[in-house]
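Side-chain atoms are counted along with the backbone in the values below, which use heavy atoms only and exclude waters and symmetry mates. Each chain gets a letter, A, B and so on, in the order the sequences are listed, and its residues count up from 1.
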Amino acid sequence: MTTIDLGLPSLGGLDGVPTTEDKQTAKDYKSDQEVRWCPGCGDYAVLAAVQSFLPQLGLKRENITFVSGIGCSSRFPYYMNTYGMHSIHGRAPAIATGLAVSRPDLSVWVVTGDGDALSIGGNHLIHTLRRNVNLKILLFNNRIYGLTKGQYSPTSEEGKVTKSTPMGSLDHPFNPVSLALGAEATFVGRALDSDRKGLTEVLQAAAEHRGSALVEIYQNCPIFNDGAFEVLKEPGEREQRIIPLRHGQPIRFGPAGEHGVVRNPATGMLEVAEVATVGEQALVVHDTTLDDPSYSFALSRLGGQDLTHTVTGVFRSVSRPTYDDLAREQVHLAQQSRRADLRSLLRGKDTWTVAGD
Amino acid sequence: MSTDVGNGASPEGTEVRKLDRVVIRFAGDSGDGMQLTGDRFTSEAAAFGNDLATLPNFPAEIRAPQGTLPGVSSFQLHFADYDILTPGDRPDVLVAMNPAALKANIADLPKGGTLIVNTDEFTKRNLTKVGYDEDPLENDSLAAFNVHKVAMATLTKGALEATGLSKKDAERAKNMFALGLLSWMYHRPTEGTERFLREKFARQPDIAEANVLAFRAGWNYGETTESFAVTYQVAPAKLATGTYRQITGNTALAYGIVAAGQQSGLPVVLGTYPITPASDVLHELAKHKNFGITTLQAEDEIAGIGAALGASFGGALGVTSTSGPGVALKSETIGLAVMTELPLIVLAIQRGGPSTGLPTKTEQADLLQAMFGRNGESPVAIIAPMSPADCFDAALEAARIALTYRTPVILLSDGAIANGSEPWLIPDVDALPDLSVEFASEPNAPDGSGEFWPYLRDPETLARPWAVPGTPGLQHRIGGLEKADGTGNISYDPDNHDKMVRLRQAKIDGITVPDVVVDDPSGKARVLVVGWGSSFGPIGAACRRVRRLGMTVAHAHLRHLNPFPDNLGEVLASYDRVVVPEMNLGQLALLLRAKYLVDAVSYTKVAGLPFKAEELQNVLIDFVQGVAQ
């Protein structure tokens, strides 16, 4: 085992994973299993984006592993020609943690949904993020329970009328990006299923990040929650609503870049303003590397459940030692300082001998 | 007889009496250091070469209100010049550090037993706290015992006066005074304790010296006062030749896991969550990372076992440790391990249940949970260690089964053997079993397609190949959905499901386990006692007692609970009466009756404490006499 130089920014998310010179295509990543999502499901687009983006990483395919929980999106591993485990509802981050800790040579991906990650598996998600295990977590958010046929989820809007809530749901929803930032995730991004380019960019950045990377993907469920994100896709509407982030660039959006994000000098909060009114120099320049998550948290609060505004791209990408690297380092240090001598361990300090007659 | 020992007196002509065995119980407040005192006396007995067995008994509260009955903590030690099986039913000597300890334990002291009392704590307030209307040391309520009243706190403070320690700190060393006194009474070696104290308090040398001084003061007190007319010698035991050490069940389990990692050549990943009485397994394994062991304290029980299973998927030996309520939380993941057919070791240290139950007390009521506590037909292998030292071998055996058959194995220890200790004949490392495994490296499809079939079984063991991520060409997906036989693809086919359910069962049923050995020295017994797990000691001791009375009884103790040994049915059928003592309401008896149609009679007690040999002796005598009529 090689020593891992901790904390260096140069340490990438894929360091330690064997690469190949062989040319790969999306087809190489398709398994022989028939894809069984509903026609029109947003999962297809995400699957296609992942399959066409992975070859760019140049990794040995056998060193990539997808682990999922339960739900529609969690069927994902079956469709990938990599190693995979379709596990238990909510538990994929825990299972993937054990895998990542024991296998530094694997690129480990977790595929989960809003119910899987935020309801039954909420505990594992936040703890994985705070530990900063080197996992890439793709959270498919369709704001509904699909596989159980249409109950509201922890990201459904308040008052959602579903089969389980005929008078409207009572719960206040999670904002997954805010939640992840609250757990001090080192990498948080968001993308839309239909935006192949934007999604691929976030996936690429996530893959290169060493540590937990949470990518929220707005994904349409055509059967139980069709059109949930439609306003973000309609030409004319989307430009008014989507706020794309680029590290080092002023945060600006609108058909002609007429809107932007500024900091209110009185409250310190981020808000949307007209560039013509505030001036270009007032715009906040996006910085993913700020150690304090408050800034990216404030970004995640721009716009709400109604999608008036939706921030996409990479919110935060900071360097912090990963749990799995540290765990291996402890084992390594222990091995260097003390020989693994089973005989001596079993004997211990105080022994006595019974001699034969 | 009561001996007042308030004054110092000259030491003359102390009689030395030889004994073959002694049971001592130290009892005091949770904060009095009784576990440490007992543990040290145990080490002294071990160093001296006695056989021994211990029973720590403490409250679940870390510091229950001082001086109250719920706050009493005790440690019982049985040591002898021959091989013994239990920590003893009743103490011969009771050391009571306060009125609560006296009140909670005096009923167990037989008439004529020795009682050593720390009189300093017998204040009106403390007596009232536990409901003594008058001081039992001042009336004749203890007349049946040989009482020694010793002002331990006062004497300890006096001995430490010159050290400059505060009175409070000085008084805290009174447990070492008690230990010193008992060490003198039983001619114990003292160097080990002094060395231990200096090491334990290495960073506080003044505290270390205070404890050593208190220890010596206790010893000298015994020697210089004439109140103790008799001292006792218990000769070393004639055990099998070899080198021994003292070991608790949880330490032995941890060492077994370390050895399993070494013998298999696999890294070990322990994913776990703290829970009484299993946490010491985590604490111990966390010390041994140099053996390639990763310990992961997860956010909950479910994550603990999840991480262990994830590590197993990656080719490590995945282990989790827990107790009853934790097993309940882990059930779904155990089911996933059954379905994905990956090796996994679940160390389940049973405690009193249901629910939170009695966290620090022992029970063996999780056998049916281990056997059936999952959805669907979900068979797992189950083994149970019989004594603290046996935990080492049981852990290795669990690893053998898990690795050979690619299955979860539940190891059912319990509070009694987890915290109890005994001498352990240190095994020869070269003689430990080879547990090396072979990962799949080549495509295996029988149709010659060059594909990899993750569910193509070994014809002998029915185990599926273990193909770890990173192996070229063997990419495959596993999960909780039903698999097609062979290819491992998702299958909803009715016939396939029926076949897979039966295959998974057949794999567990086909695990090779050693035959059960019957202990019946006469060869003529008509009553068979069948036990499992930690009741080995009390049952074995009870059988010896019954035989000493001229009766015959046979004892079979099951280490493998699933599958049962092949010869078990035959063994059960060859006796007129089968008796099954258990610390539950008859769980093994239920399984035996169901599987072998044997009219097994259950004898049960669920009191949070191990069986007493005397109690079982009486039960067995009834059965033996019943059969004879």
Residue, of B:Ala303, B:Ala47, B:Gly310, that accumulates the most heavy atom pairs under 4.5 Å with chain A: B:Gly310

B:Phe196 six-ring face occupied by B:Arg40 cation (under 6.0 Å, within 45°): yes

Flag side-chain contact, heavy atom, 4.5 Å: A:Ile64 against A:Leu106: no

Any donor-acceptor N or O pair under 3.5 Å, side chains B:Glu44, B:Thr193: yes

Side chain / backbone / both / neither for A:Arg61 at chain B, heavy atoms under 4.5 Å: both

Heavy-atom pair count under 4.5 Å with chain A, highest-scoring of B:Leu474, B:Leu425, B:Leu309: B:Leu474

Pairs of heavy atoms under 4.5 Å with chain B: top-ranked of A:Asp105, A:Leu345, A:Thr97: A:Leu345

Residue selection (most heavy-atom pairs with chain B, distance under 4.5 Å) from A:Pro77, A:Ser87, A:Gly84: A:Gly84

Donor-acceptor side-chain pairing of A:Thr322 and A:Asn132 below 3.5 angstrom: no

Between B:Asp447 and B:Ser449: side-chain donor-acceptor atoms closer than 3.5 Å: yes

Best-contacting candidate, B:Ile302, B:Thr294, B:Val258, B:Val269, against chain A by heavy atom pairs under 4.5 angstrom: B:Ile302

Interchain contact, B:Ile426 with chain A, by part (heavy-atom threshold 4.5 Å): side chain

Options A:Asn81, A:Val17, A:Asn63, ranked by heavy-atom pairs under 4.5 Å with chain B, top entry: A:Asn81

A:Arg91 side chain to A:Asn123 side chain, donor-acceptor N/O pair below 3.5 angstrom: no

B:Pro267 portion near chain A, given a 4.5 angstrom heavy-atom threshold: neither

Most chain B-contacting option - heavy-atom pairs closer than 4.5 Å, from A:His89, A:Gln330, A:Arg339, A:Lys60: A:Gln330

Selection from B:Gly480, B:Gly242, B:Ser43, B:Ala298 maximising heavy-atom pairs under 4.5 Å formed with chain A: B:Gly242

Most chain A-contacting option - heavy-atom pairs closer than 4.5 Å, from B:Arg195, B:Lys289, B:Met339, B:Arg245: B:Arg245

Evaluation steps, ring pair (Phe, Tyr, Trp, His ring centres under 6.0 Å), between A:Tyr79 and A:Trp37: CA-CA 11 Å; A:Tyr79 309 137; A:Trp37 287 312; 5.0 Å; yes

Check: B:Thr272/B:Ser321 side-chain N/O donor and acceptor closer than 3.5 Å: yes

Aromatic ring pairing A:Trp109/A:Phe66, orientation class (parallel under 30°, perpendicular over 60°, tilted between): parallel

Distance-only donor-acceptor check, side chains B:Asn489 and A:Gln33, under 3.5 Å: yes

Salt bridge flag under 4.0 Å for residues A:Arg130 and B:Glu299: no

Side chain / backbone / both / neither for B:Pro423 at chain A, heavy atoms under 4.5 Å: both

Region of B:Leu270 that comes under 4.5 Å of a non-hydrogen atom in chain A: neither

Choice from B:Glu451, B:Gln246, B:His288 maximising heavy atom contacts with chain A below 4.5 Å: B:His288

Presence of salt bridge, A:Arg343 and B:Asp430, under 4.0 angstrom: yes

Proximity breakdown for B:Ala240 and chain A, heavy-atom pairs closer than 4.5 Å: backbone

Side chain / backbone / both / neither for A:Thr65 at chain B, heavy atoms under 4.5 Å: side chain

Contact leader toward chain B among A:Ile126, A:Ile88, A:Thr353, where contacts are heavy-atom pairs under 4.5 Å: A:Ile88

Region of B:Thr251 in contact with chain A, defined by heavy-atom distances below 4.5 Å: neither

Part of B:Phe392 lying under 4.5 Å from any heavy atom of chain A: side chain

B:Arg464 to B:Tyr455 six-membered ring, cation-pi geometry met (6.0 Å, 45°): yes

Interface moiety of B:Ile293 toward chain A, non-hydrogen atoms closer than 4.5 Å: backbone

